[in-house]
Amino acid sequence: MKNENIKIRRAIISIAEKKQICLLADSLTRNHVEIVSTGGTASFLKSNNFSVREVSELTNFPEMMGGRVKTLHPLIHGGILFRRTNSQDLEDVKNNRINEISLVVVNLYPFRKTVLNGRSFEECVENIDIGGPALIRAAAKNFENVCVIVDPKDYQSLIKELEKNKGCVSKKFSKAMSIKAFKAVSDYDNDIHFWLSGKFAEERAFPLTQKRETKLRYGENPHQRASLCIFDQASPAIAGAKKIQGKELSYNNYVDADSAFKIISEFNENDVFVCAIVKHKCPCGVAKGSSLREAYLKANQSDPVSSFGGIIAVNSTLDKETSIEIIKTFVEVIIAPNISMEAKKILKAKKNIRVLKTMGFIKYREGQKIKKEISGGYLLQDSDSLSPDIKRMLNVTIKKPTKSHLDDLIFAWKIVKHVNSNAIVIVKDGQTIGIGAGQTSRVDSVKIAVKKVRILEKNGKKYRSAVVASDAFFPFKDGIKELVGIGIKAIIQPGGSKRDDEVIREANKNGIAMLFTGTRHFSH
């Protein structure tokens, strides 16, 4: 690709979104660029006192079929596609009296918006743009000679190019706009396919598309390259969170921060204060309290060794009192829906701590899909958005859980689905005191969780009458036997093992209440 700039002499403008188009039209006029436009856009520009030449004047052919056919004409596409240094193309241009077009400004019919607004099938079909994508693809293909703009957000950049280059644009800028244009057409076609194939009716939402990509320092390890690709979603999320302060987030920071954010989103509608601390994708401490400070202190005390250098997420505005406690230890990232001014001042003392403001929590919708890549393809499944339903839980033991035990069981059940399988979570008074994760046998996960409790008890405090959540059924009674030694009083698990009777008998033998949920929460 040569380095010469592209002189903009004639522009074709065909847009559905009129935002800021007058600003661009003013710049084009000042740079002596002829504006050619289609019906609706031409009328709009003329009403704002811009000189506009109708497409039909160039083609000597009227718009027809209710606007379905406007720009699909050799005199339009020839003016865009001809190669300026190709002798045969130049001869064809001359013989057919084709006018050169060096700028194409198009945004497409609002197909996605029409579908989301619940319009009729016929209206949705009519909002499938044909001429627009054809113009975009033609200009994007010939980016060495023609610049294409598909996003109103790029109007200002185009104006700066014209001013800096005296009515020209650089080929570097044109190529960048070409790449963006092909992506826009691809996403548009994907939406149409998704809707027409019936997938939109099934999932009640369009798939997320990439908005931007940011290079990261490295991936999981320094020898791995990595990027952050952000979707075009408006809802609260880690990828789109506002960084209040701190260093760049690493690949691992993002992974752990997302895990912490998903856990804390389980409690976004509760009045109680909750804090979650995550290390290597797994919670090492989750707790609730009468204040955010208390919730943090309890979460940190759950496993102080593992919490060191962890990711902290809270479910309410981060306040001064909690911030004072947090900065007493080493922390990588803090996540909160909002941060008070007093908290911001306190956190400035630790300038390297990354502080993220999410402005809310994840709101799962029914049928929402999550994707996991494997070699040669990817797996697609519904998100695990199932909330605990006490009415559907079955008490299978002689003893029933007390009110306080039931509260802890529900708390533990919300957390266990975010722990790598096999997962065991032990809770006492709204505080995790033992977590076992990622083992190849459930009894090994139980042993790890029990060991964590015993470590805490070495400080003199006994954590008896605690409860346990298991993400899947106990296949044998050995797991129950391990739990008896630390005085467990209630267990919540899915049930469904061939040896459920054996497990229930062991629980009854030791005076343990047990609830079956009927659903499991594997996290692989």
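Just the heavy atoms: all of them, side chains too, but no hydrogens, waters or symmetry mates, feed the values below.
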Student: If I compare all heavy atoms of A466 with all of I433, which pair ends up nearest, and what's the gap?
Tutor: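 In this case the closest contact between A466 and I433 is CB-CD1, 3.9 Å.
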Student: To the nearest 0.5 Å, what is the distance between NZ on K344 and NZ on K357?
Tutor: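 If we round to the nearest 0.5 Å, K344:NZ and K357:NZ are 5.0 Å apart.
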Student: Return the minimal non-hydrogen interatomic distance between A449 and I424, and the atom names on each side.
Tutor: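 That would be CB-CG2, 3.9 Å.
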Student: If the condition is side chain to side chain donor-acceptor pair (under 3.5 Å), which residues does D187 pass it with, not counting sequence neighbours?
Tutor: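 For D187 the side chain to side chain donor-acceptor pair (under 3.5 Å) partners, ignoring immediate neighbours, are K183.
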Student: Any chance you could measure S385, atom OG, to K363, atom NZ, to the nearest 0.5 Å?
Tutor: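 Answer rounded to 0.5 Å: 14.0 Å.
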Student: Out of the candidates F200, F111, Y188, only one should pair with W195 under the ring pair (Phe, Tyr, Trp, His ring centres under 6.0 Å) rule; please name it.
Tutor: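 Of all the options given, the one that passes is F111.
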Student: Can you measure from SG (C275) to CD1 (I264) and round to the nearest 0.5 angstrom?
Tutor: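 It comes to 6.0 Å.
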Student: Could you pull out all residues at least two apart from S227 that satisfy side chain to side chain contact (heavy atoms under 4.5 Å, CB included)?
Tutor: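 Expected list: E213, K215.
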Student: Please say whether more than 12 non-hydrogen atoms of neighbouring residues, nucleotides or ligands are located less than 6.0 Å from CZ in R137.
Tutor: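 Check fails, neighbour count at 12 or below.
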Student: For K279, does its backbone N or O pair with a side-chain atom of D256 as donor and acceptor, under 3.5 Å?
Tutor: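 Checking the backbone N and O of K279 against the side chain of D256, no donor-acceptor pair under 3.5 Å is found.
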Student: Using a cut-off of 6.0 Å, state whether more than 12 heavy atoms not belonging to R83 lie near its atom CZ.
Tutor: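 Open: at most 12 neighbouring heavy atoms sit under 6.0 Å from CZ of R83.
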Student: Does I159 form a side chain to side chain contact (heavy atoms under 4.5 Å, CB included) with L24? I'd like the steps, not just the answer.
Tutor: CA-CA 7 Å; I159 292 169; L24 177 58; 4.1 Å; yes
Student: So which atom in T358 and which in P337 form the shortest heavy-atom distance, rounded to 0.1 Å?
Tutor: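 Heavy atoms of T358 and P337 come nearest at OG1-CA, 3.5 Å.
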Student: Tell me the closest heavy-atom pair linking K298 and Q431, and the distance in Å.
Tutor: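 In terms of heavy atoms, the two residues are closest at O-NE2, 2.9 Å.
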Student: Examine distances only and state if a side-chain atom of N352 and a backbone atom of G246 form a donor-acceptor pair shorter than 3.5 Å.
Tutor: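 No: the side chain of N352 does not pair with the backbone of G246.
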Student: Is E325 salt-bridged to R293, cutoff N-O under 4.0 Å?
Tutor: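 Looking at R293 together with E325, the answer is yes, because their closest N to O distance falls below 4.0 Å.
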Student: If I take atom OG1 from residue T322 and atom CD1 from residue I327, how far apart are they, to the nearest 0.5 angstrom?
Tutor: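 It comes to 12.0 Å.
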Student: Can you tell me if S265 uses its side chain to pair, donor with acceptor, with the backbone of F261 under 3.5 Å?
Tutor: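 Yes, the answer is positive, given that a donor and an acceptor are paired below the 3.5 Å cut-off.
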Student: Looking at every non-hydrogen atom in both residues, tell me the closest pair between C147 and V169 and how far apart they are.
Tutor: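 Closest approach of C147 to V169: CB-CG2, 4.0 Å.
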Student: Just by modelled atom types, is the Y296 backbone N or O under 3.5 Å from a matching donor or acceptor in the N300 side chain?
Tutor: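 A pair under 3.5 Å: no.
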Student: Can you tell me if E220 uses its side chain to pair, donor with acceptor, with the backbone of Y251 under 3.5 Å?
Tutor: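 Pair absent, no side-chain N/O of E220 close to backbone of Y251.
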Student: One pair to check against side chain to side chain contact (heavy atoms under 4.5 Å, CB included): I21 and Y155. What are the steps and the verdict?
Tutor: CA-CA 8 Å; I21 192 60; Y155 292 168; 3.8 Å; yes
Student: Could you go step by step and tell me if F411 and F267 meet the ring pair (Phe, Tyr, Trp, His ring centres under 6.0 Å) rule?
Tutor: CA-CA 9 Å; F411 184 75; F267 305 97; 5.3 Å; yes
Student: Quick one, L249 with K243, criterion side chain to side chain contact (heavy atoms under 4.5 Å, CB included). Give me CA distance, side-chain angles, the key distance, then yes/no.
Tutor: CA-CA 9 Å; L249 274 80; K243 191 174 77 169; 3.9 Å; yes
Student: Does F474 reach the side chain of V446, with side-chain heavy atoms less than 4.5 Å apart?
Tutor: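 F474 vs V446: side chains touch.
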Student: For N338, check side chain to side chain donor-acceptor pair (under 3.5 Å) against everything at least two apart and list the hits.
Tutor: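 So N338 forms no side chain to side chain donor-acceptor pair (under 3.5 Å) with any residue.
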Student: Indicate yes or no for a side-chain donor-acceptor contact from S174 to the backbone of V146 under 3.5 Å, with no hydrogens or angles considered.
Tutor: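 Flag set: sc S174 to bb V146 pair under 3.5 Å.
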Student: Output yes when a side-chain donor or acceptor of Q245 lies under 3.5 Å from a complementary backbone atom of I353, and no otherwise.
Tutor: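 Pair found, side chain donor or acceptor close to backbone of I353.
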Student: Check whether any side-chain heavy atom of F182 lies under 4.5 Å from a side-chain heavy atom of V150, and answer yes or no.
Tutor: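 Not in contact.
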Student: Do L108 and P133 have side-chain heavy atoms sitting under 4.5 Å apart?
Tutor: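 Yes; the side chains approach each other to less than 4.5 Å.
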Student: Please evaluate residues R499 and F476 with respect to the criterion side chain to side chain contact (heavy atoms under 4.5 Å, CB included), reporting the C-alpha separation (whole Å), side-chain torsions for both, the decisive distance (0.1 Å), and the verdict.
Tutor: CA-CA 6 Å; R499 294 182 175 83; F476 304 99; 3.3 Å; yes
Student: Check the surroundings of atom NZ in K19: do more than 12 heavy atoms from other residues, nucleotides or ligands lie under 6.0 Å from it?
Tutor: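 Incorrect, the count does not exceed 12.
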Student: Just wondering, more than 12 heavy atoms not from K141 lying within 6.0 Å of its NZ?
Tutor: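 Result for NZ/K141: open.
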Student: More than 12 heavy atoms of other residues, nucleotides or ligands under 6.0 Å from CD of Q224: is that the case?
Tutor: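 More than 12 heavy atoms, drawn from other residues, nucleotides or ligands, come within 6.0 Å of this atom.
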Student: Does some side-chain heavy atom of T517 sit less than 4.5 Å from a side-chain heavy atom of I492?
Tutor: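 Yes. Closest side-chain heavy atoms under 4.5 Å.
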Student: Find the distance between CG (L409) and CE (M514) and round it off to the nearest 0.5 Å.
Tutor: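 Taking CG in L409 and CE in M514, the distance rounds to 10.5 Å.
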Student: Whether the side chain of S421 engages the backbone of A423 through a donor-acceptor N/O pair (distance < 3.5 Å, no angle test) should be reported.
Tutor: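 Checking the backbone N and O of A423 against the side chain of S421, no donor-acceptor pair under 3.5 Å is found.
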Student: Got a second to check how far N127's CG is from K113's NZ, nearest 0.5 Å?
Tutor: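 Nearest 0.5 Å value for the CG-NZ distance: 10.5 Å.
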Student: Which heavy atom in A469 sits nearest to a heavy atom in V416, and how many Å separate them?
Tutor: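 Heavy atoms of A469 and V416 come nearest at O-CG2, 3.8 Å.
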Student: Hydrogens and angles aside, do D154 and S157 bring a side-chain donor and acceptor to less than 3.5 Å of each other?
Tutor: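 Their side chains do not contain a donor-acceptor pair, so the 3.5 Å distance test is not met.
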Student: Report the residues that fulfil salt bridge (Lys or Arg N to Asp or Glu O under 4.0 Å) with D471, sequence neighbours left out, ordered by chain and then residue number.
Tutor: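 Partners of D471 under the salt bridge (Lys or Arg N to Asp or Glu O under 4.0 Å) test: R442.
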Student: Of all residues at least two apart in sequence or in a different chain, which pass the side chain to side chain donor-acceptor pair (under 3.5 Å) check with Q493?
Tutor: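 Testing Q493 for side chain to side chain donor-acceptor pair (under 3.5 Å), a comparison that skips the adjacent residues, returns none.
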Student: A side-chain contact here means heavy atoms from C-beta on lying under 4.5 Å apart; do T432 and P283 qualify?
Tutor: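 Not touching, per the 4.5 Å side-chain cut-off.
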Student: Going by the rule side chain to side chain donor-acceptor pair (under 3.5 Å), which residues pair with D303 if we only count those two or more places apart in sequence or in a different chain?
Tutor: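 D303: side chain to side chain donor-acceptor pair (under 3.5 Å) contacts with S306, K452.
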Student: Is a side-chain donor or acceptor of N422 paired with a backbone partner of Q439 at a separation under 3.5 angstrom?
Tutor: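 Yes, N422 side chain to Q439 backbone: donor-acceptor pair under 3.5 Å.
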Student: Any non-hydrogen side-chain atom of H418 less than 4.5 Å from a side-chain atom of E266?
Tutor: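 They are in side-chain contact.
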Student: Students often mix this up, so state it plainly: with edges at 30° and 60°, are the rings of W413 and H521 parallel, tilted or perpendicular?
Tutor: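 The rings of W413 and H521 sit tilted, inter-plane angle from 30° to 60°.
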Student: Report yes if some heavy atom in the side chain of V396 is under 4.5 Å from a heavy atom in the side chain of D500; otherwise report no.
Tutor: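 V396 vs D500: side chains apart.
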Student: Take the angle between the ring planes of F330 and F308 and call it parallel below 30°, perpendicular above 60°, tilted in between.
Tutor: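 Ring orientation, 0 to 90° scale: tilted.
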Student: Tell me, do I426 and Y463 make a side-chain contact under 4.5 Å, heavy atoms counted?
Tutor: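 The answer is no; the side chains never approach within 4.5 Å.
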Student: Just by modelled atom types, is the Y254 backbone N or O under 3.5 Å from a matching donor or acceptor in the D258 side chain?
Tutor: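 Answer holds: no.
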